[in-house]
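Treat the numbers as computed from the prediction; the structure is a model and nothing was measured.
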Amino acid sequence: MKLVAPAIRMILAGALALTLQHTALAAAPQPASAGATLETREIRAQLAPRRYTTLAAEIGAKINRLPLPEGAAFKQGQLLVQFDCVLQQAQLAKAEAARMAAETNWQGNQKLADLNSVGKVELDISRAEALKAQAEVAANRALLGKCQIVAPFAGRIAEQKAREQQYVQPGQALLEILDDSTLVLEFIIPSRWMSWVRNGTPFQVSIDETGKSYPAKVQRIGARVDPVSQSVKLSAVIDGRFGELVAGMSGKVLMQPPAK
């Protein structure tokens, strides 16, 4: 009997400890959902150009001119790169001379064919040679057209990757250009905000580099919701032109749900 009493006391003490532990766990605050966390977190965004691309060489040649420095603005169709294409010009002249000879031969054979003085096979061969020469001229003209690179859109030069008098290979990157006529913002918001966010919804964005806030408006809402983070991507644009803003700047999105 003396041994039973201590054992009972140990069992009761263990049961009491488990009860207290379950009570503490039930009373502890539960972690917030991903969506709620996103609502309380600062929403960051970076300014990006409306469009951008890297211009590359399509021929192997020496660069004669790069008329614009980094950061310079340009118009659509403006010359950005000029190659030394003396060899390509000579090849075109040679192809045009060969075309003239082939066409003269074909025309002569046509006249002889009218007099039954040349066979059909010879006439067809001369015609094929003339067409081949015309194709050579077209190919050389197309190649000569690669001796200049013009701007595909209006914008600015972000980076020069080559220098004047440098020989470049086909496919080598030369310039990075961007169109900053409109600056774009991309960021994520809680998916529950989709009940009030629409295309055209206005808001403010505070840019770190300038210390100022600027007007913006939603341009496009993402096509799907991330089920894990309960968020959706938004694309917006700065509403207006501000000379101090450049691509790459970042800041805080000042967007809040409307008061109920």
Side-chain angles (χ1 to χ4, degrees), residues 17-56 70-71 73 152-159 161 171 173 175-260:
L18 286 173
T19 301
L20 292 173
Q21 184 178 6
H22 285 303
T23 303
L25 288 173
Q30 297 300 313
S33 66
T37 302
L38 185 60
E39 288 189 23
T40 58
R41 192 176 63 196
E42 182 178 278
I43 298 177
R44 302 288 299 178
Q46 188 177 55
L47 295 178
R50 185 166 71 97
R51 50 185 172 175
Y52 56 91
T53 190
T54 299
L55 300 179
E70 286 188 3
F153 50 78
R156 298 175 66 186
I157 296 176
E159 183 181 355
K161 295 180 174 291
L175 298 174
E176 286 190 6
I177 62 172
L178 55 85
D179 175 8
D180 60 352
S181 58
T182 302
L183 292 173
V184 179
L185 295 162
E186 286 189 350
F187 53 95
I188 60 172
I189 63 169
S191 56
R192 69 184 69 188
W193 286 12
M194 293 176 69
S195 62
W196 58 271
V197 172
R198 298 287 184 271
N199 289 343
T201 297
F203 63 95
Q204 295 281 316
V205 56
S206 176
I207 301 300
D208 297 341
E209 286 80 0
T210 65
K212 299 178 182 179
S213 295
Y214 302 88
K217 61 183 177 181
V218 175
Q219 185 181 50
R220 187 172 57 255
I221 301 175
R224 67 183 180 90
V225 172
D226 186 324
V228 177
S229 63
Q230 296 177 358
S231 63
V232 64
K233 181 182 287 187
L234 247 63
S235 177
V237 293
I238 297 294
D239 194 7
R241 291 282 293 175
F242 302 92
E244 69 270 24
L245 295 181
V246 297
M249 290 182 174
S250 59
K252 179 172 63 175
V253 175
L254 308 176
M255 180 183 283
Q256 293 292 335
K260 296 183 179 180

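- For Phe203 and Phe187, the ring centers are positioned less than 6.0 Å apart.
- Going from atom CE of Met255 over to atom OG1 of Thr201 covers 6.5 Å, rounded to the nearest 0.5 Å.
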Next on the checklist: Could you go through Arg224 and Val232, starting from their C-alpha distance and side-chain angles, then the distance that decides it, and tell me whether this counts as side-chain contact (heavy atoms from CB on, under 4.5 Å)?
Outcome noted: CA-CA 7 Å; Arg224 67 183 180 90; Val232 64; over 6 Å; no
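- The line from CD of Gln204 to CD of Gln256 is 13.0 Å long, rounded to the nearest 0.5 Å.
- Annotation: side chain of Asp208 is in contact with side chain of Arg44 (closest heavy-atom distance under 4.5 Å).
- Contact record, Ile188 with Lys233: CG2-CA, 4.1 Å, taken as the closest heavy-atom pair.
- To the nearest 0.5 Å, atom CD of residue Glu186 and atom CD of residue Gln46 are 10.0 Å apart.
- Nearest heavy-atom pair, Ser181 versus Arg50, reported as atom, atom and distance to 0.1 Å: OG-NE, 3.8 Å.
- Counting only distance, with no hydrogens or angles, the side chain of Ser191 and the backbone of Gln230 share a donor-acceptor pair below 3.5 Å.
- Here the straight-line distance linking atom CZ of Arg156 with atom CG of Leu178 works out to 7.5 Å at 0.5 Å rounding.
- Considering only heavy atoms from C-beta on, Val184 stays 4.5 Å or farther from Leu47 through its side chain.
- One finds no salt bridge joining Asp180 and Arg51 here, because no Lys/Arg side-chain nitrogen approaches an Asp/Glu carboxylate oxygen to under 4.0 Å.
- For the pair Ile238/Leu245, a side-chain contact is recorded, criterion being any heavy-atom separation below 4.5 Å from C-beta on.
- Contact between Ser213 and Leu254 at its shortest, heavy atoms only, is OG-CD1, 3.9 Å.
- Nearest heavy-atom pair across Ala236 and Val218 is CB-CA, 4.0 Å.
- Interatomic distance, Leu234 CG to Met194 CE, rounded to the nearest 0.5 Å: 8.5 Å.
- Here the CG-NZ distance, from Leu185 to Lys217, works out to 13.0 Å after rounding to the nearest 0.5 Å.
- Surrounding CZ of Phe153 are more than 12 heavy atoms belonging to other residues, nucleotides or ligands, all under 6.0 Å away.
- A pairwise comparison of heavy atoms in Met249 and Glu244 identifies CE-O, 3.2 Å as the closest pair.
- Counting only heavy atoms from C-beta outward, the side chains of Ile189 and Val253 never approach each other to under 4.5 Å.
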Checklist entry - Checking side-chain contact (heavy atoms from CB on, under 4.5 Å) for the pair Tyr214/Ile207: CA distance, chi angles, key distance, verdict? => result CA-CA 8 Å; Tyr214 302 88; Ile207 301 300; 3.6 Å; yes
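- Of all the heavy atoms in Ile177 and Pro152, the pair that sits closest is CD1-CD, 3.7 Å.
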